[in-house]
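Okay, structure first, notes after.
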Number of protein chains: 4
Amino acid sequence: MGKTLIHTKEGLVLSAIEVINDVGISNLSIRKVASQQGVTEAAIFRHYKSKNELLLAVLDFFSKYDSDVFATVALKKLTPTESIHYCLNTYATYYENYSAITAITQIHEVFRNEMELREKIDTIIMDRTHFMSGLIDEAIQKNEIAPHVDSEQLAIIIWGYFREVCMKWRISEYAFPLRERVQESLHMILRAFSKRE
Amino acid sequence: MGKTLIHTKEGLVLSAIEVINDVGISNLSIRKVASQQGVTEAAIFRHYKSKNELLLAVLDFFSKYDSDVFATVALKKLTPTESIHYCLNTYATYYENYSAITAITQIHEVFRNEMELREKIDTIIMDRTHFMSGLIDEAIQKNEIAPHVDSEQLAIIIWGYFREVCMKWRISEYAFPLRERVQESLHMILRAFSKRE
Amino acid sequence: MGKTLIHTKEGLVLSAIEVINDVGISNLSIRKVASQQGVTEAAIFRHYKSKNELLLAVLDFFSKYDSDVFATVALKKLTPTESIHYCLNTYATYYENYSAITAITQIHEVFRNEMELREKIDTIIMDRTHFMSGLIDEAIQKNEIAPHVDSEQLAIIIWGYFREVCMKWRISEYAFPLRERVQESLHMILRAFSKRE
Amino acid sequence: MGKTLIHTKEGLVLSAIEVINDVGISNLSIRKVASQQGVTEAAIFRHYKSKNELLLAVLDFFSKYDSDVFATVALKKLTPTESIHYCLNTYATYYENYSAITAITQIHEVFRNEMELREKIDTIIMDRTHFMSGLIDEAIQKNEIAPHVDSEQLAIIIWGYFREVCMKWRISEYAFPLRERVQESLHMILRAFSKRE
DNA sequence: AATGAATGAGCGTTCATTCAT
DNA sequence: GATGAATGAACGCTCATTCAT
């Protein structure tokens, strides 16, 4: 019973992501999520009291991975550079297997016009940047990255790259292996910003 | 006469950009553009025969700058690295003075569900990447950038950074000087990827 | 429950016919049907997913009578001539009591520009002609109608007459008794085409 | 000059008929007539001060033929029966060569919702019926048609047939020779109603 | 004699949401 | 826990008509 509820509730999030991927966030509607899920529109309002609340759940789902990744990185005994690799590799692998979710990486702007959604998305972005710049700071301290590098700016570069390559992947209709490409480019970036002997 | 026509038609593009910046692309409607412009909705359809056509004009306006920039760069006698700086500096300066247009940099995904818009936006992105990777190739040939660098990947990194920093600028509500920040970061990037002696 | 549904759905068809009779098929709109019925426009779309689907239901309603008539004629043990009389008498009586529906007899042409409607209306007309020419063939075999008569042409004459007299009835604002008039004229026609001794 | 005006004015009527035939009376609009004619919408209002006035001109054009036919019939020295044949033959020949105009024969009902148009169309129908029943009366007097026949009812039968066969012709997409068919059927009708020896 | 621009009303349709069942 | 019916607002778009040029 409780289980079914949870199942349906989460199922709606997955359906919403599917719909966003299929017809775009602008054309997402409760009706379409309902029919994707095979329920009535009214049924959705039993689980989420508004469309925005469903979208908040989508963002929760999208970022739930974040805490896991951040936590895992902390647990493993990796060098900072390895951590950065591990982090992006995790996302890239995940996205490669669930390509629809990359739609969410591209629609931050759309969420910005509803206060609740805006706060959530801003927090997600901020946390990711913060986490990344933290790793970079560590890397600088451990001489893996050159000392003059501004960690926040590099964090923006890395996330910006990641978002851009996700976009290219979508445009290409998933024509190249995302994980490999990200790995290569990240390697290139970290090497470029590494300390020079 | 001709003047009035051009004025209204172009004015509608500017109004559309304003509306997109204000309420978001998802909430853009012909009604809102009309009221922003102070005309009736029907009047818009005299100038653009559909909403999509107006949006195409917005993309035209957004990218019209591109050819100018590409051409100017070719004319000036600059080193490739200087050209890259000049290019991003131009956009950053422009955006800094017309912050609403940065909204357009963030909405590629939304346009992807209308074929005409999709084609246009894909072309714009491709052309920009191509132009940038061309400059990088030149830079590699002239030993300004390290030979092992993949020019297309670096182009993606640079544009990804630019898009990301525009997003951050918007989130911060234009709290930092965009041009300066871009200049610094770009300097950092190009230095990192430069040939090491 | 089920009852309410059927009621509203069928009610909309009757409302649509009322509107067509009042303001003409060209001026029929979902808005007007809605207000005739005392519901909102959106409510209509719960029952019929488009305006055309509602119009199809109107045609269904208009022709649902057909199968009943055809079937009844077959059941009763009447001479072919009596059958023809019975058939037109049934329509005339029905129309006399529900004059608004005669509007539908006059609007074939208008429906011709929507493929779905066109197919439906063409089928209705074809079936009626076919049924009538079948009866005439029988009448010829039983020597009630002269052998040289082309049954399809006579069917067209009879239906053409019926449609024309309905038009006259409408023009006259229902000033003469439709049933009686049809009966007389049909009698005149059948007598004229009967076998002469 | 005057000539051009007349030409344009009449051209608009022909364009309107073309549009009605192409997209149906319900989808006729000033815009479409204008573009069919290759002028602006505003230009039409220079010639006809409203859409209804243009439609009145269409009806004028449609029925202008009537007076010619009526007059010609009176001039020629024909028997009443021959006159009826001549009359329908003239229309059938005309329509066969200008099939678009048969659209007008089918849309009386649509015109009924604008008072001016209604009056016009009612007059046309009445005049035609009157003319036909006059010929039938003559035929009765000259023993060409049986004495017990009600001339008005037969007139309705004949015009009803004619309208119906025009409809069938349209449905069939002009698959049979209209004139021939009308001639045959009319022959059949007049023979049936003729005096029997 | 004709055009381009504009208007206000109306169109068919979709939306998020509510509520009785 | 879910459904079917309904609503009111908004959507993109087309209409007949007007008017300054």
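Every heavy atom of this structure was used, including side-chain atoms; hydrogens, water molecules and symmetry mates were not. Just so it is clear: chains get the letters A, B, ... in the order the sequence lines come, proteins before strands, and each one is counted from 1.
Under the Watson-Crick and G-U wobble criteria, each requiring two contacts below 3.5 Å, nucleotide dT3(F) is paired to dA20(E). In this structure, dG12(E) forms a base pair with dC11(F), meeting either the Watson-Crick or the G-U wobble geometry with both donor-acceptor distances under 3.5 Å.
The phosphate of dC15(E) (OP1 or OP2) has a side-chain N or O of Ser29(A) nearer than 4.0 angstrom. His47(B) has a side-chain polar atom (N or O) that falls below the 4.0 Å cut-off from OP1 or OP2 of dA6(E). Distances shorter than 4.0 Å separate some side-chain N or O of Lys32(D) from OP1 or OP2 on dC15(F).
A cation-pi arrangement, defined by a distance under 6.0 Å to the six-membered ring centre and an angle within 45 degrees of its axis, is present between Lys9(A) and Tyr48(A).
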Below 3.5 Å between N/O atoms, which protein atoms pair up with nucleotides 17-20 of chain E? Just atom names and distances, please.
from: dT17(E); atom 1: OP2; to: Lys51(A); atom 2: N; distance (Å): 2.7

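Using a 4.0 Å heavy-atom cutoff across all strands shown, Leu28(D) reaches sugar-phosphate atoms only and no base atom.
Annotation: side chain of Tyr98(C) is in contact with side chain of Leu14(C) (closest heavy-atom distance under 4.5 Å). Inter-residue side-chain proximity for Arg118(B) and Asn113(B) is flagged as unmet; no heavy-atom pair is nearer than 4.5 Å.
The separation between Ile44(A) atom CD1 and dC15(E) atom P is 12 Å, rounded to whole Å. Atom OH of Tyr48(C) is separated from atom C1' of dT13(E) by 17 Å (rounded to the nearest Å). Computed from coordinates, the Glu53(C) CD to dG12(E) C1' distance equals 14 Å when rounded to whole Å.
Distance from the side chain of Thr40(A) is smallest for dG4(F) among the nucleotides dA2(E), dG4(F), dC11(E).
Residue whose closest nucleotide on DNA chain F sits further toward the 5' end, between Asn27(B) and Ala43(A): Ala43(A).
Remark: Ile101(B) CD1 to Ile104(B) CD1 distance equals 6.0 Å, nearest 0.5 Å.
In this model, a donor atom of one side chain and an acceptor atom of the other lie less than 3.5 Å apart for Ser15(C) and Gln37(C). Of the N and O atoms on the side chains of Arg170(D) and Thr102(D), at least one donor lies less than 3.5 Å from an acceptor on the other residue.
Ile20(B) and Ala103(B) make their closest contact through CG2-CB, 4.0 Å (heavy atoms, listed as atom of the first residue, atom of the second, distance).
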